[in-house]
Protein chains: 2
Amino acid sequence: MKGRRRGADLEAALLEAAWTELTERGYGGLTMEGVANRAGTSRPVLARRWNDKAELAIAAIRQQMAKHPMAVADHGDLRTELLEYLELASTRAKGIAAVFTLFSSEYFQDTSSTPQDLRTALLAGGKETLRALLDRAVERGEILEQNLAPPVDTLLGVLFRHHVLMTFSPPPEALRTAWVDRIFLPLVKNHKESRNSDE
Amino acid sequence: MKGRRRGADLEAALLEAAWTELTERGYGGLTMEGVANRAGTSRPVLARRWNDKAELAIAAIRQQMAKHPMAVADHGDLRTELLEYLELASTRAKGIAAVFTLFSSEYFQDTSSTPQDLRTALLAGGKETLRALLDRAVERGEILEQNLAPPVDTLLGVLFRHHVLMTFSPPPEALRTAWVDRIFLPLVKNHKESRNSDE
DNA sequence: TTATTAAGATGCATGAATGTATCTTGACTT
DNA sequence: AAGTCAAGATACATTCATGCATCTTAATAA
C-alpha cells in the first residue's frame, strides 16, 4: 500500500529491477519494458533517466557493486584470506556471469570495448581486493614481492572468472581450495625463484 | 561469373558466410538476412536448411573446426609443444571470442546450457589437443602423471581462454611464454609434490 | 491551499528481423 | 531433349522492442 515513489527512491527501485532482469534473462533478454513491468511502472519513466539498454545495465551494475562491497578482513594469514576472498566472490557468481553477457550482443560492437575495459572502468579508483590481500601478505613477510610478477599476481582471479564464465555457476569449495593449495600458493611460496631452472 | 551453386557447395559457402558474419558482428549481430546477403543469396535458402540462428551458428563453428584442426606435432620436448600449442590457438583468437558471444544473448537462456556444455559437445570424440601433449610428455618421462591432477592439467587452456574472452585478442608471445615458464612448468616439473608443505 | 513537477498510463508510428508463400529460372537427371 | 527439383528473387504479415507525444494524477513545496 505504499504511495507513489519519487526521485532517488524510485531510481534505486528501477536499478534493482534492472539488475534482477539482467541476472535472470541476460543482457540480450533485457528490455526497457521488462524492467518497467518488474518495477511496477512504465517505459517513459525509464526513458527519462537512461537512453540505452547499456546505460541502464551499467548503472544497475554500479548500484550492485556499491551495495555489496567486496571486503576481506585482515586475518593475519594469507591462505585464510584467499579462501575467504574466493568464497565471497562465489556468492556473486550469477551476477558476474550476467555482467559478461553484456559483451555478447551489441555492446562490445558499438563501444568497441572489451570486457577488460569495462572491468577496469568499473573498478576505477578502488584497488582490487585480491591485490590488497597479496600486498598485506608481502608486508607480513609471508610471500616475496618478486614472486608476484604480472601473470602470477592475478592468477586466482583469472581462475575464478574463467570458471564462472564457462559454467555460469560458482566454483565448489573443493575446487577453490585446490586453486589455492595446489596452484597459487606453491607458486608464490618461497622457493627462491629458480630462473632457468634446468635444461 | 560462376553459375548457380547447389547442394554441398552451396551449403559450405553459406556456412562460410555465417562464420564471417559471426566473427565480425558477434552472435547478437548475426542475422539470417545478413548471412544471406553476404553469401549472395536470399533468406529462404537459409531457412530451408536451418531453423534457428543457433543451429546455423553451431553448424558454422563445426565447419571451421573441421577445416582447421588443432594439430601439434610431437617435437620430443614439452615446452616447445606447449608454446606451439598456444601460438596455434592464438591465431584463432578472434573466432574463439566470436563463439563465446553465443552465450550472451538468448542461446544460453533457451537451451539452459553453459559454454562448458557447448565446448564439450563440440569436442565430443576427439581428445583435447592439450591433453594429448601432456600425455606424450608423461610417456617421455618429462613430467609426472601425478602432477597433472585436475585443476592443473587444464591450466594453460584456462589462461588462454580467459585472456581471449577478456580482451577479444590473442595473447602476445611474451605472455604465452610467461604462462609456460613461470606458471605451468614450475607446477608440473618434478618437485616431489610436497603435500602439506608447511605450517 | 494552491501551484509545480514528475510519476504513471496509454496510444501510435517506426524499424529490425523472421516466417512463409509464391514464382521464375537455372542445373542436373534420365 | 524433356522433366524434375531446388536455387534465388519478391512480397506480405507478424512480432518485438523502441521513441515519442499526450494526458491524468499524486506528491511536494510555496
Side-chain angles (χ1 to χ4, degrees), chain A residues 1-22 24-60 98 101-102 104-111, chain B residues 1-22 24-60 98 101-102 104-111:
Chain A
M1 273 306 116
K2 56 183 172 185
R4 178 177 288 187
R5 298 159 298 186
R6 287 206 159 227
D9 269 359
L10 177 60
E11 186 149 329
L14 295 175
L15 290 177
E16 202 64 40
W19 175 254
T20 310
E21 287 284 302
L22 183 61
E24 286 187 1
R25 306 190 195 281
Y27 184 71
L30 185 72
T31 74
M32 295 297 204
E33 179 140 25
V35 175
N37 287 340
R38 178 176 293 271
T41 181
S42 55
R43 275 177 290 124
V45 178
L46 278 272
R48 285 174 194 132
R49 293 160 199 272
W50 303 279
N51 297 318
D52 286 324
K53 232 170 80 166
E55 273 187 32
L56 173 59
I58 291 184
T101 65
L102 258 171
S104 53
S105 348
E106 328 88 32
Y107 185 78
F108 96 98
Q109 296 287 347
D110 301 346
T111 68
Chain B
M1 270 295 121
K2 58 183 170 184
R4 178 178 288 188
R5 297 159 300 186
R6 288 208 156 225
D9 269 0
L10 176 61
E11 186 149 328
L14 294 176
L15 290 177
E16 203 63 40
W19 175 253
T20 310
E21 286 284 303
L22 183 60
E24 286 187 1
R25 306 192 193 280
Y27 184 72
L30 185 72
T31 72
M32 296 297 203
E33 180 140 23
V35 175
N37 287 341
R38 179 177 291 271
T41 181
S42 56
R43 275 178 290 122
V45 178
L46 279 269
R48 286 172 192 132
R49 293 161 200 273
W50 303 280
N51 297 318
D52 287 323
K53 234 169 80 165
E55 273 187 31
L56 173 60
I58 291 184
T101 64
L102 257 171
S104 53
S105 349
E106 328 89 31
Y107 184 78
F108 96 98
Q109 297 287 348
D110 301 347
T111 68

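Letters go in sequence order (proteins before strands), and every chain restarts at 1.
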Exercise. Could I get the full list of side chain to side chain donor-acceptor pair (under 3.5 Å) partners for B:Glu33, not counting sequence neighbours?
Key: none
Quiz prompt | Nearest atoms (heavy-atom pairs only) where B:Ala18 meets B:Leu30 | solution = O-CD1, 3.8 Å
Practice problem: Work out which heavy atom in A:Trp19 is nearest to a heavy atom in A:Ala60; give both atom names and the distance. | Solution: N-CB, 4.0 Å
Quiz item: Can you list the steps and then say if A:Trp50 with A:Ile58 is a side-chain contact (heavy atoms from CB on, under 4.5 Å)?
Solution: CA-CA 10 Å; A:Trp50 303 279; A:Ile58 291 184; over 6 Å; no
Quiz prompt | Minimum heavy-atom distance between A:Leu10 and A:Arg49, given as atom pair plus value | solution = CD2-NH2, 3.3 Å
Quiz item: Which of residues 8-20 of chain B sit near DNA chain D, with a heavy atom under 4.0 Å from it?
Solution: B:Leu10
Quiz item: Touch check for B:Thr41, heavy atoms < 4.0 angstrom, all strands: base, sugar-phosphate only, or nothing?
Solution: sugar-phosphate
Quiz item: Could you give the CG-to-P distance, from A:Asp52 to D:dG19, as a whole number of Å?
Solution: 8 Å
Quiz prompt | Which residues share a side chain to side chain donor-acceptor pair (under 3.5 Å) with A:Arg38, sequence neighbours left out | solution = A:Glu21, A:Glu24
Quiz item: Could you give the CZ-to-C1' distance, from A:Arg49 to C:dT5, as a whole number of Å?
Solution: 12 Å
Could you list all N or O pairs between the protein and nucleotides 22-25 of chain D that sit under 3.5 Å apart?
{"from": "D:dT25", "atom 1": "O2", "to": "A:Arg4", "atom 2": "NH1", "distance (Å)": "3.0"}

Quiz item: What does nucleotides 12-18 of chain D look like as a protein-contact string, B for base, S for sugar-phosphate only, - for none, at under 4.0 angstrom between heavy atoms?
Solution: -----SB
Quiz item: How far apart are the closest heavy atoms of A:Val35 and A:Leu14, and which atoms are they?
Solution: CG1-O, 3.9 Å
Quiz item: Who passes side-chain contact (heavy atoms from CB on, under 4.5 Å) against A:Asp9, sequence neighbours left out?
Solution: none
Quiz item: About how many Å separate CG of A:Leu56 and CG of A:Leu15, when rounded to the nearest 0.5 Å?
Solution: 6.5 Å
Self-check item: Heavy-atom closest pair, residues A:Ala36 and A:Ser42
Solution: CB-C, 3.6 Å
